[in-house]
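Below is one structure, written out as structure tokens, with a few remarks after it.
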Amino acid sequence: MSVSDRSSRISAAGLVACALLLIPSIGSSEEISLKTRPGAELGVNAAYYKYEEPGFGVTEKGYNAGIDLAYTAVRNNDWFVRGDASFAYGHNDYTGSGTKDDNPYTYAELRGTFGKDFEKDTYSLSPYAGIGYRYSRDDLQGLTSTGAAGYRRVSQYLYIPLGVTHRMRLKAGARLSTTLEFDYFVQGRQKSYLSDTSA
């Protein structure tokens, strides 16, 4: 059986921050630092989720939204530590043994990373690594359009984020940041509450 589980997450706060970084500071001639900035961040997120079992014609998809929290601490020797937390909630539509719409879906993620800044004249590179944990709860309890009984499914994943952030100056008081990340899957667990079907 081939199973595919994909999700795309877009941080609205990140898009707004990127847009603001493109606007130079009015009346400021001081060059902005390309190093990692310390502090706390609060944002919102929106995501599209899709789960597939092609061999059985099963799909589940939908949209969710939530909040992102982050805190970054910076040391004098250019090392930094960052903690991230995300939460999202939404509803998915199921197709397989009949159809069933508006099924509650919950997503949460915690991660911690550390890295170091390497600043050059016009750009900087900030490689980082860490550990991450993802949790999702899919609630398909109830009957589908054909009378099939659904159940809850909880998924948990442990992974290692490996990435690098590139920053470059655009003008005085403005910079552009891009991040490339690979998540190495360490371990996963899925628990299906088949007792919900009374089978």
Is it the case that the side chains of [Y] and [X] hold a donor-acceptor pair, with the cut-off being a distance below 3.5 Å and no angle test?
X      : Y      : answer
Ser97  : Thr144 : no
Gln190 : Ser155 : yes
Ser126 : Arg167 : yes
Asn103 : Asn92  : no
Thr72  : Arg82  : yes
Tyr193 : Gln141 : no

Donor-acceptor contact present, side-chain [X] to main-chain [Y], <3.5 Å:
X      : Y      : result
Ser124 : Leu34  : yes
Asp68  : Gly43  : no
Arg169 : Asp121 : yes

Problem set entry | Parallel, tilted or perpendicular: ring planes of Tyr123 versus His166, cut at 30 and 60 degrees |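 Rings of Tyr123 and His166: parallel, under 30°.
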Problem set entry | Set of ring pair (Phe, Tyr, Trp, His ring centres under 6.0 Å) partners for Tyr71, sequence neighbours left out |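 Applying ring pair (Phe, Tyr, Trp, His ring centres under 6.0 Å) to Tyr71 gives none.
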Problem set entry | Listed partners of Tyr89 passing ring pair (Phe, Tyr, Trp, His ring centres under 6.0 Å), at least two apart |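 Counting only residues at least two positions away or on another chain, Tyr89 forms a ring pair (Phe, Tyr, Trp, His ring centres under 6.0 Å) with His91.
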Exercise. So with a 6.0 Å cut-off around OH of Tyr133, is the heavy-atom count from everything else above 12?
Worked result: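 Yes - once you tally the heavy atoms of other residues, nucleotides and ligands closer than 6.0 Å, there are more than 12.
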